[in-house]
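For reference, the structure is listed below as structure tokens.
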Amino acid sequence: MPTIDALAERLSQHFEPSQINLVKRAYYYAEQAHEGQYRKSGEPYVQHPLAVANLLAELGLDHETLAAAMLHDVIEDTGIPKSAIVRQFGETVAHLVDGVSKLTKVEDRTRAERQADNYFKMIRATSTDLRVIVVKLADRLHNMRTLDAMKKSKQREKAEETLQVFAPWARALGIHTIYTELEDLSFRALHPMRARYIEEAIRKRRGGETELLNDVAQRVSSALERRGIPARVQHREKHLYSIYRKMRDKQRAFNDIMDMFAFRIITDTEDNCYRALGVVHSLFRPRWERFKDYIAIPKRNGYQSLHTTTVYRRELHLEFQIRTEEMDRVANTGVAAHWMYKGGDSTLARNQLEKVEQWVKNLLEMREGTDDTVEFIDYVKQDLSQDEIFVFTPKNKVIELPAGATPIDFAYAIHTDVGNRCFAARVNNTRVPLTSELKSGSTVEIITSPSAHPHADWLNHVVTGKARTALRQYFRKQAREVGRALLDKHLKELGLSLETINEAQMQKVLQHNNLESVEQMFTDLGEGRRMPYVLASQLAADQTQAAPSETPATQDTVIRGTEGRAYRLASCCHPIPGDIIVGVDGPENQLIVHRTQCQKVRRTVGRGHFLDLYWDKQAVGEFAVAIVVRVEMQRGILADVANAVAKAEAHVETVTIKDHPGGISDITVVMRVSGRPHFARVLRRLRRLKPVISIHRQ
Ligand code: MN
């Protein structure tokens, strides 16, 4: 059983006595705090934090992180407050412990909530001190290593969560050792048979090719030695889950994807990496299309190496990764390298930390740009799982973007103003649509124009948080200005202006319309969610006059404010409960209920008579609503769309389809929903369909 003395002994090689003391004190504190608590396996609880600290010590982390690891479950499991930790161990350690506790709390929530929250909490935690995440990941790794003590169902649940949340984070932070082990442990728990099969296949194959492996390592080593390049040559094995993922995603058999042996060459300097590359290419014929220079252009998580693939014999390839010792350490430990006692805080480690912190900051900005948590999670996932592409400015500056990025993303990556004034794009000197997908290695030129401005549709064609946030901000600001101008214009028609409206009257109207602020009123007006005419007349009304009273509905209890007149829902804009609505005079004194943003209403502004209407809170029933789903045409898409609607328990009335050139089609669906929340559920399902490009309400 591991002991604190064994750990202290190991630490004594690198740490100051006072630092070791801090770690020891933390251990004894945890031992006391967890007194009488046991793990599922039957061990005293303190063995768990000790194991987590050991893991982090192996990674090479500093004494503060190790102390925090010892204490990581104290706040959550023993009720000792943060303030006590501050007094005993100082602000930094307490801050780390507190951060980890907050992440742990999330694990106790319901599943759906937990998943969404986990991401955001982890991002928030990282934005202050990334070590919080590093401790949390080590915590999860130890729990995964000791998964056997849990019930089978719990094992599966933990494994799934690990694959979805923790492994991607370890990968994003570049902590390769933790990331690969988390994936393999989860894979074994979820698919024990498949894991055993692949392991067995690897073992057999390695046995059958010992000669080849030795031959390659031998030839490379002696060639490097002849050129005076100091280096280690290692045979490298891919981890189980990455092999499985390849087999699954590419639908290939084990032997098909194992057409390659991987080696790693570790040398001393960057120069020698390139020289070693020359040596490898003189021994084996390179496949140039597979060459990647991650030294010149590091990956988003800071990873650096040269990658090359060469031909050994027909159908058998050799892959080489070439890097320095320092790059190797950063590749294995990621951001953790920054806090390492041995050679930590090097330029390389610092650059990596900056890079990751910038990325985390971008994610946080993105969170602020979106109100929808589900949407946000999608973006985080995308950001984590997508490969990067590298494109160039006309001046050959490298811009890094997620795969799937468009010239619009590129423009916003340069500068928000370039994005907002972006008019056209040239890729490798050829004009392309702003919405086309960029390819790695292209040179992209953005043509701006002072009169150009963003289109609402662009939101459907960006993948970076930066572009998305900038666009949202732009549209919000624009809507506010438009709304303000509209309202002022209508007030002027009544002989008033915004300046002449007194505060009390303004507040009364805001309250009556359930508006939080004047700004929100402008935004709503600008986005067509409210009628300027209606608000202007309310603002102009005598201050003593009471706000329009609720009229009892006659027809049924669905709509209020009809003054007792008969009404029907307009078939042009299909209002549903939750929409902002107005009544327009129809034939035979009937009211036609439209959404305020309906084109017909807009055309009649200033001519007809409008009545401000409200949905009854208890409005129940099925209401028709129409949407246009723009899709990439492919087999079965119509059925998929109809199916998604039906799965969300909405009744489909009609479906029509209109094809456009270029494999794009518009599918118009009229369906029945109970209101906006139900409608939102339908839309969410539809958005999950891959071929769906955009969805508009009719
Ligand atoms: Mn723990």
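Values below: all heavy atoms of this structure, side chains included; hydrogens, waters and symmetry mates excluded. In each ligand, atom 1 is the first atom listed, and ligand 1 is the first ligand listed.
- Aromatic pair Tyr244/His191: centroids less than 6.0 angstrom apart.
- Residues Phe263 and Phe320 place their aromatic rings such that the two centres sit under 6.0 Å apart.
- Legend: residues meeting side-chain contact (heavy atoms from CB on, under 4.5 Å) with Gln32, ordered by chain and number and at least two apart, are absent.
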- Residue pair Glu200, Arg203: steps toward the salt bridge (charged side-chain N to carboxylate O under 4.0 Å, His left out) verdict: CA-CA 5 Å; Glu200 183 63 12; Arg203 210 178 50 75; 3.0 Å; yes
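- Within the protein, the number of N/O/S atoms found under 2.8 Å from the Mn ion (ligand 1) is 4.
- Residue pairs meeting the side-chain hydrogen bond (donor to acceptor under 3.5 Å, both in side chains) criterion with at least one partner in residues 178-187, sequence neighbours excluded, are Arg145-Glu181, Glu183-His239, Glu183-Arg245.
- When the salt bridge (Lys or Arg N to Asp or Glu O under 4.0 Å) test is applied to Glu43, no partner is found at least two apart in sequence or on another chain.
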